[in-house]
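A quick write-up on the structure given underneath.
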Amino acid sequence: MVRVLDEDGELVDGAEVPDLDDDELVEMYRTMKLARRFDERAVSLQRQGRIGTYPPLSGQEGAQVGSAMALGDGDWMVPSYREHAAALVQGLPLKQTLRLWMGDENGSHIPEGVNLFTVAVPIASQIPHATGLAWASKLKDERDKAFLCYFGDGATSEGDFHEGLNFAGVFDTPNVFFCNNNQWAISVPRERQTASKTLAQKAEAYGFEGVQVDGMDPLAVYKVTEEAVAKAKDPDEGELRPTMIEAVQYRFGAHTTADDPSVYREEEEVEKWKAKDPIPRLETFLQRTDRLDDDAITAIEEDVEDRVADAIAAAEETPRPDPVEMFRNAYAGMPQRLEEQLEWFESVRAEHGDEALLED
Amino acid sequence: MVRVLDEDGELVDGAEVPDLDDDELVEMYRTMKLARRFDERAVSLQRQGRIGTYPPLSGQEGAQVGSAMALGDGDWMVPSYREHAAALVQGLPLKQTLRLWMGDENGSHIPEGVNLFTVAVPIASQIPHATGLAWASKLKDERDKAFLCYFGDGATSEGDFHEGLNFAGVFDTPNVFFCNNNQWAISVPRERQTASKTLAQKAEAYGFEGVQVDGMDPLAVYKVTEEAVAKAKDPDEGELRPTMIEAVQYRFGAHTTADDPSVYREEEEVEKWKAKDPIPRLETFLQRTDRLDDDAITAIEEDVEDRVADAIAAAEETPRPDPVEMFRNAYAGMPQRLEEQLEWFESVRAEHGDEALLED
Amino acid sequence: MGENLTLVQAVRDGLRDAMAEDDDVLVLGEDVGKNGGVFRATEGLYDEFGEERVVDTPLAESGIVGTAIGMAAYGLKPVPEIQFSGFMYPAFDQIVSHMARLRTRSRGRFTCPMVLRAPFGGGIRAPEHHSESKEAFYVHEPGLKVAIPSTPHDAKGMLIAAIRDSDPVIFLEPKKIYRAFREEVPDGPYEVDLGEAAVRREGGDVSVFTWGAMTRPTLEAAENMADDVDVEVVDLRTLSPLDEDAIVESFEKTGRAAIVHEAPKTAGVGAELTATLQEESLLHQEAPIKRVTGFDVPFPLAALEDYYLPEPERIESGIRETVEF
Amino acid sequence: MGENLTLVQAVRDGLRDAMAEDDDVLVLGEDVGKNGGVFRATEGLYDEFGEERVVDTPLAESGIVGTAIGMAAYGLKPVPEIQFSGFMYPAFDQIVSHMARLRTRSRGRFTCPMVLRAPFGGGIRAPEHHSESKEAFYVHEPGLKVAIPSTPHDAKGMLIAAIRDSDPVIFLEPKKIYRAFREEVPDGPYEVDLGEAAVRREGGDVSVFTWGAMTRPTLEAAENMADDVDVEVVDLRTLSPLDEDAIVESFEKTGRAAIVHEAPKTAGVGAELTATLQEESLLHQEAPIKRVTGFDVPFPLAALEDYYLPEPERIESGIRETVEF
Ligand SMILES: Cc1ncc(C[n+]2csc(CCOP(=O)(O)OP(=O)(O)O)c2C)c(N)n1
Ligand SMILES: Cc1ncc(C[n+]2csc(CCOP(=O)(O)OP(=O)(O)O)c2C)c(N)n1
Ligand SMILES: [Mg+2]
Ligand SMILES: [Mg+2]
């Protein structure tokens with residue numbers, strides 16, 4: 001298992017700090033803090049009924065931010081539903097993440113120029129898409145783009161994981177398959193998911209490299225992802241482009257706000273993993289190496305607080321989308337039958353008023 | 001790759017003849033001859049329009065008969081569509097195989113007491129069934145049964161292969177997954193199917209053992225299958241029950257009678273593999289070890305000819321099934337709507353007569 | 001003596017009784033064991049029956065259904081759960097090619113007595129794919145039965161009937177009403193026959209056919225218009241096989257009909273009911289049969305779902321069109 | 001100037017012209033490359049366009065459709081082939097959850113312009129699962145278009161229209177008539193608009209709606225009864241979106257209708273057509289609309305398939321019931 005920092009934020013023997021300048025390292029820390037704070041606020045918004053079901057990411061900031069920062073400008077990201085921090089690094093405003101979990105598809109209208117695919121909820125189904133995107137790029141002879149796809153430990157059991165990775169091997173597509181092994185698929189522990197010793201070794205079945213990395217060590221994650229991205233674009237003779245990365249980590253909170261983890265796991269286990277929290281680990285490292293001091297931390301915390309508050313305000317100010325949108329986005333042009341349905345809907349709506357149609 | 005006989009039918013250095021008595025060894029040979037002859041006749045019946053599309057097995061007798069003979073009385077077999085020889089060993093009359101390819105579902109009504117699942121055509125879809133059958137047996141605490149499932153090299157790319165094997169690993173079911181790697185999935189060569197070096201190594205992903213065997217060496221196939229069957233029933237401490245066997249072999253003929261392999265493969269390649277033909281290989285071995293002489297071979301050939309002829313006669317004498325059968329077998333009891341449909345059908349049939357309804 | 005239970009509790013109770021009466025019954029799926037199911041439909045079963053009969057599986061729907069088919073063929077009575085009906089699609093091949101056809105394929109040598117349960121339908125403000133109601137897919141597949149209860153009493157009785165059935169049943173549970181109300185549910189196993197519709201409200205002016213979570217807003221619409229229109233509400237309960245007699249009888253009495261379902265209109269089960277009614281009873285038909293359904297668009301996320309789902313006002317408007325024709 | 005082509009040759013010709021005019025078009029699937037497709041629908045394309053644009057894939061339908069979705073989202077125009085429509089089920093999740101919904105999910109940021117081709121329907125004495133006709137599944141899924149040509153000319157023109165369309169199209173090719181007859185097919189690309197039905201035979205007594213391979217036996221039945229009944233035959237060609245105007249117009253002219261399809265009756269597309277007709281035109285309806293369809297059983301193997309499939313005699317009996325009502 002690849003590691004750069006140990007649990008106390010000390011450099012592991014023989015490990016090298018990846019090639020990031022001081023600003024970038026501090027930016028990594030700031031983004032992780034931002035993600036953590038966003039997460040806390042989102043969970044509490046859900047409790048207050050201000051957003052819908054929400055999948056928290058606390059504990060997984062290191063894997064998300066470390067890997068996302070390793071992407072270059074032209075590279076693409078294909079997320080699962082939990083990669084709010086990674087998507088943020090890639091350029092998605094937090095407001096949009098909130099809008100999505102408020103139940104507004106516009107949250108998934110990724111801004112032009114942001115190389116991020118939309119969240120899709122069916123587990124592992126995004127993996128073949130990632131292979132297809134990368135394959136298309138290769139067919140267009142781009143050769144300078146890598147396609148990073150996130151999924152969980154549970155996702156590795158789905159047929160689409162298998163088919164997507166197998167196609168990537170056969171067509172030698174510029175993919176990085178990044179497994180956020182957070183030990184749990186809702187209530188199902190990693191050991192129940194598969195009898196395979198590691199998830200990384202599943203890459204064997206597809207003829208390309210698998211790597212296990214400490215997913216709560218953002219520097220290690222950055223390093224292995226950067227290498228995988230480089231290989232995807234320019235492999236050595238005889239090497240296949242794709243890599244599967246297993247980032248070993250832990251989900252501190254519930255699976256989603258609808259889940260109660262106390263039913264299926266011990267608080268002790270959570271505590272054990274909290275000792276590996278990526279944020280204090282990186283903080284300690286940055287402090288000890290004089291890249292960060294208490295004032296800077298305070299400034300970052302204030303900044304983060306503001307940014308989250310702004311995103312929430314912006315998301316909450318956005319009005320409910322017009323129901324016409326759901327009719328308009330099914331096809332490029334609205335079929336006649338759908339137009340008739342919309343007409344009827346508008347007549348019923350006019351007759352009864354929105355008050356009557358909307359439950360509270 | 002496990003081997004007992006070399007291509008000339010000589011014992012490989014250090015290899016041991018599996019624990020089969022002389023009669024059993026001759027029976028193995030007889031069954032392979034029977035399968036080969038059956039196959040030739042079936043292909044020609046199809047050419048004469050006497051049966052429908054048929055998937056030939058020539059070249060694969062060693063893998064099928066060797067593995068099937070390794071099953072014990074209580075063991076089960078889950079076939080793909082090409083395992084006519086294996087099914088024969090397991091107890092399915094050749095007549096039924098012919099009826100199936102004549103387009104009669106009764107061919108798939110496996111006789112009571114024969115532990116054989118029905119052929120299902122969707123590739124790899126039978127693999128989860130095999131896991132489920134084995135799992136059920138384990139839940140019933142039988143512990144003395146193994147469940148052998150056949151599939152092709154192409155099948156390893158399907159999601160159902162992945163899910164079926166993964167469940168087997170997790171629930172430690174008494175399965176033997178037997179891959180007939182005949183180098184081709186219709187026109188797609190093995191190397192195009194996956195970038196994985198061997199198919200056997202795909203077992204890595206599920207935490208259990210994978211073995212590669214010379215599939216044109218019936219003795220080697222017998223040996224590895226017997227071991228896998230034994231392990232499925234009674235694994236050593238710390239060992240998982242399932243095994244994946246990759247039997248490396250070749251399909252001498254077309255994928256089915258509807259296929260023309262000359263479009264996608266070289267005759268040279270076929271010739272190279274014909275040199276490994278399992279039948280002369282076993283014949284030579286049995287002759288050299290005085291288990292078989294020319295007279296016995298002649299007698300076997302005559303016997304085989306008769307048995308195939310009898311099966312064909314019996315299959316051809318069987319009348320077309322009554323169309324009522326298709327209505328009667330959809331549910332345990334016929335729903336009212338279906339009864340009405342049957343009634344209407346019978347009235348139309350009475351009005352116009354079968355002549356009019358049946359195309360030729 | 002019974003208990004006042006919600007629909008999801010009744011499901012749980014039905015599972016419990018079925019498992020208690022027959023050792024061959026087992027439950028499997030994602031998070032059904034230790035966690036008791038994401039809707040708690042299997043709560044307590046793991047403790048009562050152990051991990052061999054209440055099985056947490058890997059995250060693989062085709063694997064869940066496919067292995068269940070093997071178990072059913074081997075004499076067990078598996079009751080797999082798919083966490084949401086929108087996640088049945090990865091198992092679709094196993095459902096239509098195998099669950100539905102094993103009996104036909106083997107001419108009865110192997111059968112597939114199993115019940116595939118899934119919470120279905122919208123109305124709970126869930127993420128995408130968590131609000132599907134594509135019962136029509138399964139109704140169109142011969143060899144399957146399709147049951148959708150709308151009350152706690154039916155949920156338990158139909159589930160037990162489904163588990164005892166010798167054919168495969170798709171059992172869709174309207175999750176919007178999992179906890180909407182309570183009803184007296186008898187202790188111990190009992191059956192509510194599959195294939196029998198229930199008249200939920202008698203009326204003489206117009207018949208409204210519906211099922212699942214739409215039964216309640218339909219009844220509400222019927223009450224709201226009770227002053228001037230006498231609406232009969234028929235809850236189909238089982239969509240395959242259809243209770244043709246019941247719908248024809250009601251329709252021939254009223255001469256007018258509306259159908260209410262959540263699924264998209266085009267090629268939904270409402271189309272089948274309409275086609276059947278005009279086939280059987282055209283001479284009784286006094287007005288076009290109105291379909292009040294979901295629209296022909298993907299089910300929207302939470303912010304728009306109230307606009308998508310038929311509710312009492314929309315249902316009333318639809319019924320009135322038929323009545324005033 | 002055109003050529004006399006069979007339907008499958010016209011498909012090939014359409015693919016060829018589409019690939020020649022647009023470098024972004026590519027074909028992928030099992031055995032479509034070197035082998036030219038098991039029905040030879042892609043014959044010669046591998047040699048002409050090379051292995052990057054005519055791609056032999058691993059045996060994995062979900063992988064084929066799923067990667068094609070990714071390619072479509074990235075600006076290519078993939079035309080995946082599924083070898084038989086009965087093998088679309090392993091890809092069902094990708095089809096309904098992604099192909100159909102990418103535009104909706106991303107509010108138009110990503111789209112999925114691709115055409116999923118598959119030979120479909122019975123009548124060629126094929127093994128199990130090779131004779132499926134479950135077009136209703138796809139018609140019920142919003143976001144998809146569904147096209148089924150019945151002539152070589154339409155096959156080429158509709159395929160080109162589908163490939164140029166900016167929405168995903170399920171393109172089902174009736175394999176029973178892949179080689180049944182020839183027709184003059186223009187050289188070079190041309191479009192037959194999706195969403196337009198074609199009147200194949202004008203008549204005043206009864207309208208028969210059908211599509212795909214059923215068009216020919218329906219026309220035959222019409223001829224057989226021409227002495228006493230004047231049958232109009234409408235080939236729908238595109239099932240989603242439906243050409244409502246065309247079916248309503250024909251029905252309002254004749255007042256009677258039958259629908260012929262291969263798929264099982266219950267919840268088939270025939271139900272939708274019937275429901276739509278009585279919705280729009282009840283006052284013109286003079287008799288129940290008769291559905292002449294496959295039965296509600298799994299498609300049988302070869303020995304019984306002639307009994308399963310509607311043929312001219314059965315179709316005639318059905319039409320007469322409607323006419324004589
Ligand atoms: C195909 C499918 N099946 C089931 C679900 C329900 N579900 C949502 S998340 C989840 C667990 C996912 O676990 P994992 O892949 O480890 O990702 P994590 O949530 O831990 O990040 C399940 C079962 C789903 N979304 N899609
Ligand atoms: C799900 C599915 N997809 C496609 C097919 C069509 N098909 C039948 S056999 C075959 C190739 C199978 O190759 P392999 O698994 O190697 O088995 P083999 O025929 O070589 O024994 C294909 C593509 C099918 N039967 N099922
Ligand atoms: Mg996880
Ligand atoms: Mg093969």
Side-chain angles (χ1 to χ4, degrees), chain A residues 52-53 55 81 99-105 107 119-125 152-160 185-189 192-194 255-256 258-260 263-264 320-323 325-327 329-330 335 337-338 341-342 344-345 347-349 351-354 356-359, chain C residues 30-40 43 46 51 55-63 83-84 86-87 89-91 93 123-130 264-266 292-318 321:
Chain A
T53 305
Y81 44 82
R99 286 303 300 167
L100 174 60
W101 299 105
M102 285 170 157
D104 177 1
E105 284 85 353
V119 167
V121 158
I123 300 295
S125 64
D153 44 307
T156 64
S157 296
E158 288 277 8
D160 270 1
I186 309 187
S187 73
V188 179
R192 207 354 107 94
Q193 205 55 248
T194 178
H255 167 70
T256 67
D259 173 52
D260 172 10
V263 178
Y264 55 79
R320 181 196 297 274
D322 187 325
E325 284 189 15
M326 79 181 163
F327 292 88
N329 285 286
R337 303 194 119 211
L338 197 50
Q341 291 177 20
L342 173 57
W344 191 70
F345 166 75
S347 78
V348 173
R349 192 179 174 204
E351 187 188 336
H352 298 284
D354 270 357
L357 303 193
L358 296 174
E359 266 186 40
Chain C
E30 296 156 12
D31 308 294
V32 298
K34 225 169 181 180
N35 194 38
V38 296
F39 288 102
R40 327 232 57 73
E43 192 157 27
Y46 182 86
E51 63 168 5
V55 187
D56 281 321
T57 66
L59 210 177
E61 289 75 14
S62 192
Q83 204 159 77
F84 289 84
F87 305 132
Y89 309 139
D93 186 49
I124 63 156
R125 307 269 184 267
E128 60 158 14
H129 297 286
H130 288 69
K265 180 179 185 182
T266 296
V292 182
T293 67
F295 302 111
D296 287 343
V297 303
F299 197 99
L301 293 185
L304 296 181
E305 78 172 326
D306 288 347
Y307 291 110
Y308 177 90
L309 285 172
E311 29 57 62
E313 286 72 19
R314 181 154 28 126
I315 295 169
E316 180 175 340
S317 292
E321 277 186 35

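In what follows, every chain begins at residue 1, and chains take the letters A, B, ... in the order their sequences are listed. All values reported here derive from a predicted model rather than from experimental measurement.
Residue E43(C) does not touch chain A at all, counting heavy-atom pairs closer than 4.5 Å. Looking at T266(C), the atoms closer than 4.5 Å to chain A (heavy atoms on both sides) sit in the backbone and in the side chain alike. Both the backbone and the side chain of Y308(C) come within less than 4.5 Å of a heavy atom in chain A. In this structure, chain C has a heavy atom under 4.5 Å from the backbone of M102(A), while its side chain stays farther away. Of the two parts of E61(C), the backbone and the side chain both hold a non-hydrogen atom closer than 4.5 Å to a non-hydrogen atom of chain A. Contacts between L100(A) and chain C at a heavy-atom distance below 4.5 Å involve backbone atoms as well as side-chain atoms. Contact annotation for P300(C): both backbone and side-chain heavy atoms come within less than 4.5 Å of a heavy atom of chain A. At a 4.5 Å heavy-atom cutoff, the contact between L357(A) and chain C is made by backbone and side-chain atoms alike. In this structure, the portion of R320(A) lying under 4.5 Å from any heavy atom of chain C is its side chain and not its backbone. Interface remark: A120(A) contributes backbone and side-chain atoms alike to the contact with chain C (heavy atom separation under 4.5 Å). Contacts of I186(A) with chain C are made by both backbone and side-chain atoms, with heavy-atom separations under 4.5 Å. Contact annotation for D153(A): neither backbone nor side-chain heavy atoms come within less than 4.5 Å of a heavy atom of chain C.
Ion pairing between a basic and an acidic side chain is recognised when a charged N comes within 4.0 Å of a carboxylate O; D306(C) and R125(C) show such pairing.
With hydrogens and angles ignored, the 3.5 Å screen pairs a side-chain donor or acceptor of Q341(A) with a backbone N or O of D296(C). Using modelled atom types, no side-chain atom of D104(A) and backbone atom of R99(A) make a donor-acceptor pair closer than 3.5 Å.
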